[in-house]
Amino acid sequence: MTLKEKLAAARGRPAGSEPAGTASVPAAAAPTASAPASPEIGHEEPSPPAPPAPSRETLGRPLTLQEKLAAARSGGAGAAARAAKPSPRPAASPATSPAARAASSRAVPPLEQATDPRDLAEHLRRAGAEQAKKAQGSTAKAAPTSKAAPRKAESKVVPPRPGREVAVSATSRRGLLRVGFWIAAGWAAFTAGMATLLAGSARFFFPNVLAEPPSTIKVGSPGDFEKGQVEERWKAEWGFWIVRSDAYDGEDKIYALSSICTHLGCPPNWLASEQKFKCPCHGSGFYISGVNFEGPAPRPLERYKLTLGDDGQLVVDKSQKYQEELGQWTDPESYFKV
Ligand code: FES
C-alpha cells in the first residue's frame with residue numbers, strides 16, 4: 001500500500017474519497033495512540049477504533065454541557081471515528097496544517113450550540129489560553145509588589161537619621177533641665193524657710209529696747225494756777241492733773257494727781273460742777289484732794305513728785321509716786337506749798 005492509502009485506511013475512508021488539497025489532519029485527529037498504527041511502522045495488528053463520542057444524532061437529544069466537555073476531552077478518539085465520514089466543512093489548507101490553527105480558522109459556533117467535539121476542543125483551548133493569560137497578568141501585577149517588598153524591608157532596616165537622634169537627645173536634655181530646675185527651686189525654698197526660722201530665733205538673743213518718754217515734765221510757774229483749779233492739759237498725754245487746792249489739810253498746795261483709777265485703771269473725769277473726779281468704768285468717785293469716797297476704788301489717787309526748778313517752773317517727775325494710805329502725802333516733794 002502506498003502511504004496515502006495507509007493514511008486513508010487509518011482514517012477509515014477510501015483513498016480516493018479525500019478531496020484534493022485536504023491533506024491536513026484535523027486537530028482532534030492528530031496522531032494519537034488510538035489511531036490505527038500502520039503495519040509498516042509498528043508491524044502490529046490495527047487496534048479497533050475507539051467508540052465514537054456521543055452526539056446529538058446518536059442520543060436523539062441536545063447534548064448537555066458536561067457531555068459536550070466529555071466529548072471534547074475524548075475528541076481524539078471520536079475525531080478518528082469521524083474522520084471516516086466526509087466533513088461538510090471545507091478542509092483547512094495545507095499551509096495551516098497545525099490542528100490548532102486549522103480549528104481557529106474555522107467559524108467556531110458558541111459553546112451552547114457546539115456539537116462537534118472539535119469545536120468543544122477549540123473552546124477548551126481558548127478557555128485555557130485565557131486562563132494562562134490571566135495567570136500571566138496576575139504574575140506581572142504581583143511582580144512589582146514583590147519588588148517593592150524588599151524596598152520596604154530595606155526602609156525598615158535603615159538606621160534612624162541623625163536629626164531624630166538629635167531631637168531625642170534635645171528632648172531628654174530639656175527634661176533633665178526641667179527636673180534640675182525644680183530640684184533647685186525646692187532646695188532654695190527650703191533654705192529660705194530655714195534662714196527665716198534661724199533669724200526669728202536669733203531675735204530672742206537681743207533685748208527689746210523701747211524708747212521711753214522722759215519722766216520729767218515742766219508744767220509752768222506756781223503763779224499760773226489759781227486756787228481750786230484743776231488743770232487737765234496733761235491728762236491725755238502724760239496721765240496727771242495739776243491741782244491747786246487746800247481741801248486735803250487746809251493748806252494751799254499745788255500737787256500732781258495721777259489720772260489712773262485705783263480700782264482697775266480707768267481714767268476718771270473731772271466734774272467741775274460736782275467738784276469731784278468720777279470714774280466712768282465702775283462709778284468710783286474721788287474728791288478734789290484725790291481721796292476716794294464712793295465706788296469700788298479701794299484707795300485715794302496717787303501723786304507724782306513735784307519740785308520747783310532752777311528756772312522757776314514746776315517740774316513733775318512721774319518716776320516717783322506718793323500714796324496717801326502709806327502716809328507719803330506728807331512728803332514735801334509730793335506737793336508745792338504756795
Ligand atoms: Fe474706776 Fe473701776 S476703774 S471704778
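All ligand and atom numbering here is 1-based and tracks the order in the structure.
- Taking a cut-off of 2.8 Å, the protein N, O or S atoms nearer than that to atom 2 (Fe) of ligand 1 are H263 ND1, H282 ND1.
- With Y255 as the aromatic partner, R303 meets the cation-pi criteria of under 6.0 angstrom to the ring centre and within 45 degrees of the ring axis.
- A donor-acceptor pair under 3.5 Å is formed between the side chain of H123 and the backbone N or O of P109.
- Each of K337, K253, K227 was scored for a salt bridge (Lys or Arg N to Asp or Glu O under 4.0 Å) with D246, with one residue passing: K227.
- Screening W241, W270, F240 against K235 for a side-chain contact (heavy atoms from CB on, under 4.5 Å) leaves a single residue, W241.
- In this structure, C279 and C261 have their SG atoms no less than 2.5 Å from one another.
- Look at K134 and E130 and you find no salt bridge, because none of the NZ, NE, NH1 or NH2 atoms lies under 4.0 Å from a carboxylate O.
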